[in-house]
Colleague: 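Shown below is the structure under consideration.
Ligands are counted one by one from 1 in listed order, and the atoms in each one are counted from 1 as well.
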Amino acid sequence: MRQTVNTYDAIVIGAGLAGLSAAFDLAEHGLHVLVLERDPQVGGRTSSWKDNGMDVESGIHKFVGFYSEFKNFLERAGLNLDDVFIYQDEIEIRVAEGGEKNFRPGKRRRSGRFGISAIHRPVMTIGGALGNGELLSWRDKWQLVRFVIAGTVQYLRDPLSLDRYSIAEYARRHGVSENVIYTVLWTFSSGLFFLSPERYSAYPFFALTWAGIKGSFSSRIAIFKGGMTEVMAGPIADAIVSRGGEVNTGVKVDRILFEDGRAVGAAAGDQIYFAPRVVLAATIAPAKAIIEASENVPDDSELEKLRVLPDMSGVTVQIELDRPALPDDHVIFGANSILGTFAEQSHTTFPNSKGRISTFLTPTEPYINMEDKDIVAAVVADLRRHGIDVEGRIVNSAVVRHASEFYLLEPGSEEKRPYQQTSIPGFALAGDYTRQSHICSMEGAVVSGRRAAKAVNSPRLK
Ligand SMILES: Cc1cc2nc3c(=O)[nH]c(=O)nc-3n(C[C@H](O)[C@H](O)[C@H](O)COP(=O)(O)OP(=O)(O)OC[C@H]3O[C@@H](n4cnc5c(N)ncnc54)[C@H](O)[C@@H]3O)c2cc1C
């Protein structure tokens with residue numbers, strides 16, 4: 001077999017936000033960077049594409065006001081934030097078959113929505129819950145306040161000690177009622193990370209709470225103004241190319257080349273790429289497979305952690321309709337149903353759609369191997385339980401499976417997350433699963449990419 005050999009200053013494997021962030025920083029430092037991406041489009045879990053004539057995306061994403069590194073990155077890459085995001089001022093928690101139990105905190109009680117963005121802003125969310133007389137008793141409210149204060153203080157004193165408990169266990173230890181656990185806390189665990197409060201670790205809960213407290217109380221939530229590859233990942237790749245980098249899609253890297261205890265390149269089929277710096281920014285499961293397939297891998301404690309870090313999956317469902325299912329595109333948490341969060345998208349992200357409703361499912365396990373038509377039927381049934389009837393109005397649909405793409409947010413995972421910097425010269429890890437305090441998020445991915453670029457960009461590596 002004929003081998004093609006190419007030489008670069010740095011290779012980045014994976015063009016999700018972590019890889020793009022690392023590659024951009026390396027290109028900014030004047031290095032000739034090559035990005036190798038397996039998929040036909042850039043963006044990874046923040047990407048969009050066409051499937052069977054339908055605009056599909058990895059799933060609805062929310063940009064949160066306190067994402068400072070992510071915002072900074074987009075600006076440094078020359079993107080105008082107004083071309084990327086549309087701000088939203090309301091979210092809703094809708095309890096399926098909940099009647100009067102629907103969550104109605106905030107200014108607009110009758111609409112059943114928050115008057116202010118709250119998804120990643122636990123303090124405001126909990127503040128909203130405290131104003132809700134139908135949902136929480138005074139006793140519930142008092143217990144909730146005490147629990148949030150206790151957990152935040154513990155996070156600041158000894159964050160990892162929180163990773164011994166699920167958020168439900170931790171809440172019970174602080175006298176929080178089952179009612180609060182299955183309404184307010186459910187929103188964070190199932191609505192954001194597809195896990196029930198019994199499985200979701202108290203560590204990420206309070207990491208996000210603290211990030212929300214530190215962030216501005218007036219910060220807002222935004223959704224994307226178009227397909228994520230089109231409005232964000234593609235323009236970032238262009239910024240890398242305009243700084244002398246190369247971004248190649250449709251290239252699946254099989255292994256990393258190590259020689260004399262250091263990284264020297266990567267291989268994809270019969271293509272060999274040499275560089276004294278390699279950033280592995282593939283998703284967690286393929287990152288493990290690439291290391292497994294590589295030869296002469298030096299011993300390294302961060303790679304040991306990667307090998308045993310447990311993962312979890314996600315499933316998103318996107319349904320095209322003959323007309324909008326909802327009058328606007330605010331994000332809804334679908335409590336007491338399989339719809340973790342859902343939203344109409346035809347007024348914002350997909351304006352060419354006549355109507356479009358998108359959701360991700362919680363829990364994931366029953367659906368990851370189920371047939372698409374059965375998944376869509378389950379979503380339609382639960383939309384009906386939320387008072388939204390789309391029967392007979394479906395024009396097209398897509399199910400996107402994110403198999404093993406997230407690190408598992410159960411207790412005990414935090415210490416297993418590897419750092420970006422390894423002991424191997426010229427080699428670093430990037431990805432939302434690598435250790436930083438922003439859990440698995442766009443902000444976390446960007447932060448990890450910056451740190452990985454810094455780790456490999458040593459002047460000693462010529
Ligand atoms: C449905 C959904 C909703 C989400 N909602 C939010 C949200 O609201 N807010 C938020 O902040 N975050 C959200 N996230 C999380 C966010 O998308 C991720 O944390 C972030 O995009 C991860 O970026 P990454 O670069 O670490 O990984 P990825 O985006 O997974 O990038 C890894 C890249 O590596 C590529 N790759 C894999 N194997 C190979 C190989 N062998 N060779 C070459 N390339 C390879 C992949 O194709 C991919 O492009 C959501 C994620 C999903 C799926």
Colleague: Taking the non-hydrogen atoms of Phe406, is any one of them nearer than 4.0 angstrom to ligand 1?
Modeller: yes
Colleague: Should Asp432 be counted as touching ligand 1, given the test is an N or O pair under 3.5 Å?
Modeller: yes
Colleague: Do His402 and Phe360 have ring centroids that are under 6.0 Å from one another?
Modeller: no
Colleague: Check whether NZ of the Lys or CZ of the Arg Arg45 lies under 6.0 Å from the centre of the six-membered ring of Phe406 and within 45 degrees of that ring's axis.
Modeller: yes
Colleague: Enumerate the atoms of ligand 1 whose separation from the nearest heavy atom of Gly59 is less than 4.0 angstrom.
Modeller: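 Per the distance check, 1 (C).
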Colleague: I need the atoms of ligand 1 closer than 4.0 Å to a non-hydrogen atom of Gly14, numbered in the order shown.
Modeller: 33 (C), 34 (O), 35 (C), 44 (N)
Colleague: Does Ile60 have a non-hydrogen atom less than 4.0 Å from ligand 1?
Modeller: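 Ile60: in contact with ligand 1 (<4.0 Å).
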Colleague: What do you reckon, does Lys252 have a nitrogen or oxygen under 3.5 Å from a nitrogen or oxygen of ligand 1?
Modeller: no
Colleague: Looking at ligand 1, does Cys440 have a heavy atom less than 4.0 Å from it?
Modeller: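 Yes; Cys440 lies near enough to ligand 1 that a heavy-atom distance drops under 4.0 Å.
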Colleague: If you count the atoms of ligand 1 from 1 in the order shown, which ones are under 4.0 Å from a heavy atom of Ile13?
Modeller: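 Once the distances to Ile13 are compared, the set is 42 (N), 43 (C).
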Colleague: For atom 4 (C) of ligand 1, state which one of Glu57, His61, Glu37 supplies the nearest heavy atom.
Modeller: His61
Colleague: Going by distance only, is there an N or O of Gly19 that falls short of 3.5 Å from an N or O of ligand 1?
Modeller: no
Colleague: Considering only heavy atoms, does Leu36 approach ligand 1 within less than 4.0 Å through its side chain, its backbone, both, or neither?
Modeller: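 The part of Leu36 near ligand 1 is the backbone, not the side chain.
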Colleague: Hey, looking at atom 8 (O) of ligand 1, which of Met442, His402, Lys62 has the closest heavy atom?
Modeller: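 It is Lys62 that holds the nearest heavy atom.
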Colleague: Distance-only, no hydrogens or angles: does the Glu57 side chain make a donor-acceptor pair with backbone N or O of Thr46 under 3.5 Å?
Modeller: no
Colleague: Hey, are Thr316 and Gln318 close enough side-chain-wise for a donor-acceptor pair under 3.5 Å?
Modeller: yes
Colleague: Whether Arg450 and Glu69 form a salt bridge (side-chain N of Lys/Arg under 4.0 Å from carboxylate O of Asp/Glu) is what I want to check.
Modeller: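 Yes, this pair counts.
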Colleague: Is ligand 1 under 4.0 Å from a heavy atom in the side chain of Ala281, in the backbone, in both, or in neither?
Modeller: backbone
Colleague: Mark yes or no for whether Thr229, through its side chain, and Ser47, through its backbone, hold a donor-acceptor pair below 3.5 Å.
Modeller: no
Colleague: Can you find an N/O atom of Gly431 closer than 3.5 Å to an N/O atom of ligand 1?
Modeller: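 No; the residue has no nitrogen or oxygen that sits under 3.5 Å from a nitrogen or oxygen of the ligand.
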Colleague: Would you please indicate if the ring centroids of Phe205 and Tyr200 are separated by under 6.0 Å?
Modeller: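 Not close enough - the centres of the two rings lie 6.0 Å or further apart.
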Colleague: With a 4.0 Å heavy-atom cut-off (strictly under), which part of Val251 contacts ligand 1: side chain, backbone, both or neither?
Modeller: backbone
Colleague: Please confirm whether Gly444 comes under 4.0 Å of ligand 1, counting heavy atoms of the residue only.
Modeller: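 For ligand 1, residue contact (heavy atoms, under 4.0 Å) with Gly444 is absent.
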Colleague: Quick one: do Asp25 and Arg76 make a salt bridge, cutoff under 4.0 Å?
Modeller: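 Salt bridge between Asp25 and Arg76, a charged N being under 4.0 Å from a carboxylate O: yes.
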Colleague: Check the orientation of Tyr87 and Phe63. Use parallel for under 30°, tilted for 30 to 60°, and perpendicular for over 60°.
Modeller: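 The rings of Tyr87 and Phe63 stand perpendicular, inter-plane angle above 60°.
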Colleague: Are Tyr8 and Phe274 close enough that their ring centres sit under 6.0 Å apart?
Modeller: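 Aromatic pair excluded; centres sit 6.0 Å or further apart.
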Colleague: State, without any angle test, whether Thr283 and Glu405 hold a side-chain donor-acceptor pair at a distance under 3.5 Å.
Modeller: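 No, Glu405 and Thr283 have no side-chain donor paired with an acceptor closer than 3.5 Å.
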Colleague: Kindly say whether Ile439 contributes a backbone atom to a donor-acceptor pair with the side chain of Gln436 at under 3.5 angstrom?
Modeller: yes
Colleague: With a 4.0 Å cut-off on N to O distance, would you call Arg243 and Glu28 a salt bridge?
Modeller: yes
Colleague: May I ask you to list the atoms of ligand 1 that are less than 4.0 angstrom from any heavy atom of Thr46?
Modeller: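 Near Thr46, meaning under 4.0 Å from one of its heavy atoms, ligand 1 has 17 (O), 21 (O).
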Colleague: Under 4.0 Å, heavy-atom basis, I'd like to know which part of Ser441 is in contact with ligand 1: side chain, backbone, both or neither.
Modeller: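 Under 4.0 Å from ligand 1, Ser441 contributes backbone and side-chain atoms.
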Colleague: With heavy atoms of Thr316 as the reference, note each atom of ligand 1 found under 4.0 Å away.
Modeller: 1 (C)
Colleague: Heavy atoms only: which of Pro286, Ala445, Ser448 lies closest to atom 23 (O) of ligand 1?
Modeller: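 Looking at heavy atoms only, the winner is Ala445.
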Colleague: Give the atoms of ligand 1, by number and element, whose distance to some non-hydrogen atom of Tyr67 is under 4.0 Å.
Modeller: 9 (N), 10 (C), 11 (O)
